[in-house]
Amino acid sequence: MSRVTMADVAREAGVSLMTVSRALNDKDGISETTRVRIQEVIERLGYHPSSIARGLVTKRTHTIGLVVPDNSNPYFSELARGVEHTAYAQNYNVFLCNTEEDSKREKAVLQSLAEQSVDGLILCSSRLTQDDLRACLNDFSAQVLVNRSLDDTTAALILCNDGDGVRSAMSHLLQRGHRAIGMLAGPERSYGGQIRVKGFIGAFTDARLPYNPQWIQNCSPTVDISQQTAIELLTRHPELTALICFNDLVAVGAMKACASLGLTVPDNIAIIGFDDIPLASLVTPPLTTIHVQRYEIGRIAGETLIAKIKGETVKSVHVLPVSFIVRGSAP
């Protein structure tokens with residue numbers, strides 16, 4: 001059975017193609033009686049307007065791009081749910097793209113989305129340089145950056161208070177007598193990771209305590225690679241009694257590293273994660289971590305982007321609070 005076309009609707013309703021187009025796009029210039037008759041024909045014939053054809057008229061595709069560095073990380077899957085639920089409620093579709101922590105792939109993904117003429121972009125935890133990021137954003141008329149800052153940009157920024165999170169973790173550890181504290185800081189180009197490192201160093205300075213810069217080690221934000229990085233760090237620096245980790249997956253990798261080295265958590269070494277993904281409360285011992293409002297970040301990002309697409313004035317920077325969750329890995 002052939003697909004019903006706009007021409008079929010026009011012929012059945014006894015009107016021109018232009019009149020059908022006006023009715024579909026809610027334009028003036030036709031009577032209410034004609035509009036109702038066209039709608040009745042559409043429903044009877046089962047006509048579904050082409051999104052491509054409608055986009056040519058409205059200059060919108062009702063699609064948005066959502067780019068994340070790792071879609072296997074529960075942090076980003078929950079954030080994506082927040083975006084998708086918001087987009088669905090406002091009749092937008094979401095193209096979810098994964099860059100696998102690869103800046104070259106990130107550039108390619110952004111170029112592809114621009115070629116697809118998405119109405120706007122939500123870019124999470126970009127690993128691009130400032131100049132490359134600014135150049136890529138120029139291809140989109142509406143942009144939201146999550147977990148990334150950028151000077152001189154029209155993009156709205158959605159951030160969480162990384163600094164407060166690390167300060168809470170450091171205060172907790174220092175109050176319990178820890179002085180040799182290491183940090184698995186995540187990817188070197190991570191904006192959130194950089195802010196957390198500053199908070200980490202600042203906590204030593206505020207407490208007037210010395211620290212060894214070699215106690216800080218960048219790592220891939222995955223369980224397996226962070227496990228190996230943690231083994232190397234703890235082997236080089238056996239004086240460490242605590243680790244603050246870039247995210248909960250890194251913290252789980254650190255816990256596995258401790259097990260392989262014969263260290264008990266938290267008796268020999270305390271471990272603190274970041275994000276509070278569902279896995280954090282399920283591992284043994286349960287993970288002390290910083291809770292981040294992942295779904296809320298996605299919801300706000302989606303609402304902000306769609307408002308920008310519609311030409312509405314939006315808040316340029318949202319900073320969401322975090323909270324410190326004490327569990328068994330660092331009681």
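Positions are given from 1, in the same order as the sequence printed here.
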*Apply the test salt bridge (Lys or Arg N to Asp or Glu O under 4.0 Å) to residues Arg294 and Asp275: give CA-CA distance (whole Å), side-chain angles for both, the deciding distance (0.1 Å), then the verdict.*
CA-CA 8 Å; Arg294 305 175 302 281; Asp275 292 343; over 6 Å; no

Less than 3.5 Å apart, which donor and acceptor atoms pair up between the side chains of residues 247-254 and the rest of the protein, not counting sequence neighbours?
from, atom 1, to, atom 2, distance (Å)
Asn247, OD1, Leu249, N, 3.1
Asn247, OD1, Val250, N, 2.8
Asp248, OD1, Phe274, N, 2.8
Asp248, OD1, Thr289, OG1, 2.7
Asp248, OD2, Asp276, N, 2.6
Asp248, OD2, Ile277, N, 2.8

*Closest heavy-atom contact between Thr288 and Pro331?*
OG1-N, 4.4 Å

*State whether a side-chain donor-acceptor pair under 3.5 Å links Thr99 with Asp102.*
no

*When you check the side-chain N and O atoms of Thr63 and Gln116, is any donor under 3.5 Å from an acceptor?*
no

*So, for Thr241 and His178, which heavy atoms are closest and what is the spacing to 0.1 Å?*
OG1-ND1, 2.8 Å

*Say you draw a straight line from CE of Met170 to CE of Met183; how long is it, rounded to the nearest 0.5 Å?*
9.0 Å

*Do you reckon Tyr191 sits in the same ILVMFWY cluster as Ile158, going by side-chain contacts under 4.5 Å, direct or chained?*
no

*Ser16 and Thr19: side-chain donor and acceptor closer than 3.5 Å?*
yes

_If hydrophobic clusters are built by linking Ile, Leu, Val, Met, Phe, Trp and Tyr wherever their side-chain heavy atoms come under 4.5 Å apart, do Leu133 and Phe140 end up in the same one?_
yes

_4.5 Å side-chain heavy-atom contact, Ile271 and Cys245_ = yes

*Take Leu110 and Leu123 through the side chain to side chain contact (heavy atoms under 4.5 Å, CB included) test and state the conclusion after the steps.*
CA-CA 9 Å; Leu110 293 174; Leu123 177 57; 4.2 Å; yes

*In Å and rounded to the nearest 0.5 Å, what is the OG to CD1 distance from Ser323 to Ile290?*
9.0 Å

*Output the distance between atom OG1 (Thr222) and atom CD (Gln228), rounded to the nearest 0.5 Å.*
11.5 Å

*Taking atom CD of Gln143 and atom CD1 of Ile309, what is their separation to the nearest 0.5 Å?*
10.5 Å

_Nearest heavy atoms of Asn218 and Gly186, plus distance in Å_ = ND2-O, 3.0 Å

*Main-chain N/O of Thr5 paired with Asp8 side-chain donor or acceptor, under 3.5 Å*: yes

*With the 4.5 Å side-chain cut-off for hydrophobic clustering, are Val317 and Leu150 part of the same group?*
yes

*Donor-acceptor pair, side chain of Ser171 and main chain of Ser168, under 3.5 angstrom*: no

*Note, Gln90 side chain near Lys310 side chain (heavy atom, < 4.5 Å)*: yes

*Linking I/L/V/M/F/W/Y whenever their side-chain heavy atoms sit closer than 4.5 Å, directly or via other members, would Ile297 and Ile122 fall into one cluster?*
yes

*Considering only heavy atoms from C-beta outward, does the side chain of Arg189 approach that of Thr129 to under 4.5 Å?*
yes

*Below 6.0 angstrom between ring centroids: does that apply to His291 and Phe324?*
no

*Over 12 non-hydrogen atoms of neighbours within 6.0 angstrom of CD in Gln39*: yes

*Mind checking side-chain hydrogen bond (donor to acceptor under 3.5 Å, both in side chains) for Asn161 and listing every partner two or more places apart, or none if nothing turns up?*
Asp164

*Does a side-chain heavy-atom distance below 4.5 Å link Ser190 with Phe246?*
yes

*Begin with the C-alpha distance, continue with both residues' side-chain angles, and end with the deciding distance and a verdict on side chain to side chain contact (heavy atoms under 4.5 Å, CB included) for Thr153 and Arg134.*
CA-CA 7 Å; Thr153 180; Arg134 192 175 288 108; 5.8 Å; no

*Assess whether salt bridge (Lys or Arg N to Asp or Glu O under 4.0 Å) is satisfied between Glu106 and Arg127, documenting all intermediate values.*
CA-CA 8 Å; Glu106 185 175 339; Arg127 307 307 190 208; over 6 Å; no

*With distance as the sole test, does Ser112 use its side chain to make a donor-acceptor pair with the main-chain N or O of Val109 at under 3.5 Å?*
no

*Any side-chain heavy atom of Trp215 sitting closer than 4.5 Å to one from Ile181?*
no

*Would you find a donor on one side and an acceptor on the other, under 3.5 Å apart, between the side chain of Arg179 and the backbone of Leu174?*
yes

_I need the minimum non-hydrogen distance between Ala142 and Lys308, along with the two atoms involved._
CB-CB, 4.0 Å

*Sub-3.5 Å donor-acceptor pair from the side chain of Gln293 to the main-chain atoms of Pro321, do we have one?*
yes

*Donor-acceptor contact present, side-chain Glu100 to main-chain Arg105, <3.5 Å*: no

*Please report the C-alpha distance between Ser149 and Leu157 in whole Å, then the side-chain angles of each, then the deciding distance to 0.1 Å, and finally whether the side chain to side chain contact (heavy atoms under 4.5 Å, CB included) criterion is met.*
CA-CA 7 Å; Ser149 182; Leu157 309 180; 4.0 Å; yes

*With a 4.5 Å limit on heavy-atom distance, are the side chains of Cys97 and Leu113 in contact?*
yes

*Is there a donor in the side chain of Ser31 and an acceptor in the side chain of Thr34, or the other way round, less than 3.5 Å apart?*
yes

_Assess the residue pair Arg81 and Glu78 against the criterion (salt bridge (Lys or Arg N to Asp or Glu O under 4.0 Å)); give the C-alpha distance rounded to whole Å, side-chain angles, the decisive distance to 0.1 Å, and a yes or no._
CA-CA 5 Å; Arg81 285 182 67 248; Glu78 184 69 5; 3.0 Å; yes

_Derivation and outcome, salt bridge (Lys or Arg N to Asp or Glu O under 4.0 Å), residues Arg299 and Glu296_ = CA-CA 5 Å; Arg299 183 190 67 78; Glu296 189 70 1; 2.5 Å; yes

_For the backbone of Pro286 and the side chain of Arg327, can you confirm whether one donor and one acceptor N or O come within less than 3.5 Å of each other?_
no

*Shared hydrophobic cluster for Leu240 and Ile244 (ILVMFWY, side-chain gaps under 4.5 Å)*: yes

*Go through the steps to decide whether Phe200 and Ile195 satisfy the test side chain to side chain contact (heavy atoms under 4.5 Å, CB included), and finish with yes or no.*
CA-CA 9 Å; Phe200 176 78; Ile195 297 299; over 6 Å; no

*Can you name the nearest heavy-atom pair linking Leu159 to Arg148, along with the distance?*
CD2-N, 3.5 Å

*asked:* So His62 and Asn93, do their side chains get closer than 4.5 Å, heavy atoms only?
replied: no

_Test of ring centre spacing under 6.0 Å for Tyr88 and Tyr92_ = no

_Partners passing side-chain hydrogen bond (donor to acceptor under 3.5 Å, both in side chains) against His318 (at least two apart in sequence or in another chain)_ = none

_Using side-chain heavy atoms (C-beta onward) and a distance below 4.5 Å, is Lys315 in contact with Thr304?_
no

_Can you tell me how far apart CG (Leu243) and CG (Leu233) are? Round to the nearest 0.5 Å._
6.0 Å

*For residues Ser125 and Pro69, report the shortest heavy-atom separation together with the two atoms involved.*
CB-CG, 3.9 Å

*If you round to the nearest 0.5 Å, how far is CD1 of Ile225 from CD of Glu101?*
9.5 Å

